[in-house]
**Q** 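Below is a structure I'd like to ask you about.
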Amino acid sequence: MITITFPDGSSREFEQGVTALDAAAAISPRLKKATLACEVDGERRDAFAPIGADCSLKLLTFEDEGGRWAYRHTASHMLAQAVKRLYPDAKLAIGPAIENGFYYDFDTEHTFSPEDLAAIEKEIEKIEREELAVSRFELPRAEAIAYMEELGEPYKVELIEDLPEDAAISFYKQGEFVDLCAGPHVDNTGRVKNIRLMSAAGAYWRGSEKNKMLQRIYGTAFEKRADLDAYIAAIEEAKKRDHNKLGRELELFTTVDVIGQGLPVLLPKGARIIQLLQRFVEDEEQKRGYLLTKTPFMAKRDLYKISGHWDHYRDGMFIMGDADDEEAEVFALRPMTCPFQFMAYLNRSRSYRDLPLRYNETSTLFRNESSGEMHGLIRLRQFTISEAHLACRPDQVEQEFKGCLDLAQYMLKVLGLDSDVTYQFSKWDENNTEKYIGDKATWESTQNQMRNILDDLGVNYKEADGEAAFYGPKLDIQIRNVHGKEDTLITIQIDFQLAERFGMMYTDADGEKKYPVVLHRTSIGCYERTLALLIEKYAGAFPTWLAPVQVKVMAMTERTLEAAESVAKELENYGLRVERDLRNEKIGFKIREAQLQKIPYMLIIGDKEVEGGVVAVRSRKKGDLGTMPLAEFLRMVNDEILTKALDS
RNA sequence: GCCAAUGUAGCUCAGUUGGUAGAGCAGCGCAUUCGUAAUGCGCAGGUCCAGGGUUCGAGUCCCUGCAUUGGCUCCA
């Protein structure tokens, strides 16, 4: 007999060799039905694996990450099994569970079409109905390789060859299908239901562009049909907020073939929002002691040679002239602002009393991104960023870093994005000497300093290796778009290297010349990207202070045209952004259009209003608000704008 | 850059085996003067992404390029 202890502290005696499923059954049949996998002494295992000794046991259901993972991982095997049945020549690569689903990579001449996915889904359902028992077995390395060679699975052979010499290699089998896999899995294909294949896409073998491109099929699976339906519906709903669609419909931006990829045209309404954001950022930065610079959009390559960008990122720059001709005068559009602002620092000699020196600039940058990288307003070849560089003494780094973070968080809060972001502490990769400059000791100490600051502030962050800038570690504030794809919105970086390269110094109190530490940071990030995220956040219904049109004034009939015009004029004099609808149309039609344009307020001027000296107010969110004197409406809207209210 | 899909009126889309382009909305005109999400009638609107090719004939088939979208890779 063995003793199994459960998470609630209770324990029970079982026969040796009992499975987690048996143990679950001993508690309740319902629990057995829900158990997908388990944790034995904290290690994820198959629920159908025999347990040999005393242990602690946690049963994993679909509610647990581990349970979902096993469920979807088994779904991915069922996908591979179905593909193998329909396309026997397909070679298997990898097929993990991921957040919200799973995928499997295949190498086959056949290109999967949406119709193919439907057929594969049918086959998966068949596999589900076949209720194939899932079993696990292990082979020594040499035998495992021979076995996969025999099955004609070269990718699996490669995977095994990378495992340690002494590893026991595990396989999972369901019916005729066998896959190299660490598990765990659900015990029977009949238990994995509600599988939906989402899309097919290309993906490089082992994630390297040097390798062959395989075909990846993405799918998801839920225990309950209703949850799958809700998930699909949520995706459809999210797509309606897609900035790329909404931003064009609302006439915020457009793209034009002959201008080129990654070069959107911001239409009046989009440009207005960016102007408002920019004013807000620049004013706030002024309050926080930043000094404004305005530096050139291009420079001779010599500048980028000093910064190191010429060596590191020449392919990513727009270069004017023959880059290979060392004699020629070659210019490049700026891909970042750092060296330009450094020149402002170098304008005269600096004292320790001058520090910290904070330069900010609303800076347009140019990066020659690869053709497949561009995406809506998220990833562009030309974009404008709220960029700043702070030169500080070592004893000021902590305070200045905190100041940068405080500014970023203030911006996020005002825009209502604060709860949508995550923090990533991006560190270097000491093995990547091609990308990173500087010595290990300095990297380590700078990273430790950043970590201490973050911990001190209680920032909840995840660490990412090999994501730092080439000159220093970053705090990246990440956000997801409607497709779930994560991008950096804001970044704060500590740079202990470029000051030396540029000969930026200050005379310290002791008379010694020293190099300042430079903080690179954005406060709101790239304006185009921020606009994209705001479109998706608010589904185009921007807070009133940001709305490109704040009030639409509508005349009820021709009798009230003049009255409506005079109301509009008064609102404009007051500084509001106003549009008029003086057309000879029914009021319901005008309201419908204004609602679709997501204009915060509609003022309706009919005979009654003219007579009563009031305006009829309609809110896009709250509907008809009745009539009020114009002055009262102005007070209401003004208050909303001044407080930058988010819930209008 | 790689793997795919898509590209037809301002927008959303239809267009059969290759036979000479259509709808709704928007626009314009006329009528209607209306009370909180679509008034009616009429008119106009197209280098079918671009360039080649096949064919008696190409929106449709083939090739190349460009752009848009979803992934992969990359992102100072």
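Naming: A, B, ... by sequence-line order, numbering from 1 per chain.
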**Q** Mind checking who rG27(B) pairs with, Watson-Crick or G-U wobble, both distances under 3.5 Å?
**A** rC43(B)
**Q** Do Arg379(A) and rC74(B) have a side chain to base donor-acceptor pair shorter than 3.5 Å?
**A** yes
**Q** Provide the distance between the two C1' atoms, one in rU16(B) and one in rU12(B), to the nearest whole Å.
**A** 22 Å
**Q** Roughly how many Å apart are rC74(B) and rA5(B), using the P atom of each and rounding to a whole number?
**A**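 Straight-line distance between the two P atoms is 24 Å.
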**Q** Gly376(A) near the nucleic acid: base, sugar-phosphate alone, or nothing, with a heavy-atom cut-off under 4.0 Å?
**A** sugar-phosphate
**Q** If a protein heavy atom is under 4.0 Å from the base, mark B; if only from the sugar-phosphate, S; if neither, -; do that for nucleotides 25-30 of chain B going 5' to 3'.
**A** -SS---
**Q** Pick the C1' atom in rC75(B) and in rC28(B), then give their distance to the nearest Å.
**A** 48 Å
**Q** Describe the nucleic acid contact of Lys474(A) in one word from base, sugar-phosphate, nothing, applying a heavy-atom distance below 4.0 Å.
**A** sugar-phosphate
**Q** Report yes or no: is the cationic atom of Arg72(A) (NZ for Lys, CZ for Arg) under 6.0 Å from the centre of the six-membered ring of Phe102(A), at an angle within 45° of the ring normal?
**A**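 No, Arg72(A) and Phe102(A) do not form such a contact.
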**Q** Would you say a side-chain N or O of His483(A) is under 4.0 Å from OP1 or OP2 of rG70(B)?
**A** yes
**Q** Answer yes or no: is there a side-chain heavy-atom contact under 4.5 Å between Phe106(A) and Phe112(A)?
**A** yes
**Q** Could you measure between the two C1' atoms, the one in rU8(B) and the one in rC2(B), and give it in whole Å?
**A** 29 Å
**Q** Taking only N and O in the side chain of Arg559(A), is any of them less than 4.0 Å away from OP1 or OP2 of rC34(B)?
**A** yes
**Q** rC72(B) phosphate, OP1 or OP2: any side-chain N/O from Lys485(A) under 4.0 angstrom?
**A** yes
**Q** Between Tyr601(A) and rU36(B), is there a side-chain N or O to OP1/OP2 distance below 4.0 Å?
**A**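 Looking at the OP1 and OP2 atoms of rU36(B), neither is under 4.0 Å from any side-chain N or O of Tyr601(A).
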**Q** Let me see the working for His110(A) and Asp116(A) under side chain to side chain donor-acceptor pair (under 3.5 Å), right down to the final yes or no.
**A** CA-CA 10 Å; His110(A) 181 80; Asp116(A) 295 334; 2.7 Å; yes
**Q** Please determine whether a side-chain nitrogen or oxygen atom of Lys245(A) lies at a distance below 4.0 Å from atom OP1 or OP2 of rC11(B).
**A**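 Lys245(A) to rC11(B) OP1/OP2: no side-chain N or O under 4.0 Å.
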**Q** Remember a base hit wins even if backbone is also touched, and classify Lys435(A) as base, sugar-phosphate or nothing at under 4.0 Å, heavy atoms.
**A**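 Sugar-phosphate contact only.
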**Q** How close or far is atom C1' of rC74(B) from atom CD of Glu467(A), stated in whole angstroms?
**A** 11 Å
**Q** Mind checking if Thr255(A) touches a base, just sugar-phosphate, or nothing, with heavy atoms under 4.0 Å?
**A** sugar-phosphate
**Q** For Asp476(A) and rC75(B), what is the distance between atoms CG and P respectively, to the nearest whole Å?
**A** 12 Å
**Q** Heavy atoms only, 4.0 Å cut-off, all strands: where does Gly606(A) land among base, sugar-phosphate and nothing?
**A** base
**Q** Across all strands shown, which nucleotide pairs with rG57(B) by Watson-Crick or G-U wobble geometry, both distances under 3.5 Å?
**A** none
**Q** Could you tell me which nucleotide pairs with rA4(B) by Watson-Crick or G-U wobble geometry, both distances under 3.5 Å, or answer none if nothing does?
**A**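 Matched rA4(B) with rU69(B) under the 3.5 Å cut-off.
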**Q** Return a single string for nucleotides 1-8 of chain B, one symbol per nucleotide in 5' to 3' order, where B is base contact, S is sugar-phosphate-only contact and - is none, cutoff 4.0 angstrom on heavy atoms.
**A** BBBS----
**Q** How would you label the contact of Ile591(A) with the nucleic acid (heavy atoms, under 4.0 Å): base, sugar-phosphate, or nothing?
**A**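 Counting heavy atoms under 4.0 Å across all strands, the contact made by Ile591(A) includes a base.
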**Q** Nearest whole Å is fine: how far is rU36(B) C1' from Lys608(A) NZ?
**A** 11 Å
**Q** Remember a base hit wins even if backbone is also touched, and classify Ala594(A) as base, sugar-phosphate or nothing at under 4.0 Å, heavy atoms.
**A** nothing
**Q** Let's see if you get this right: which residues in residues 527-536 of chain A place a heavy atom under 4.0 Å from RNA chain B?
**A** none
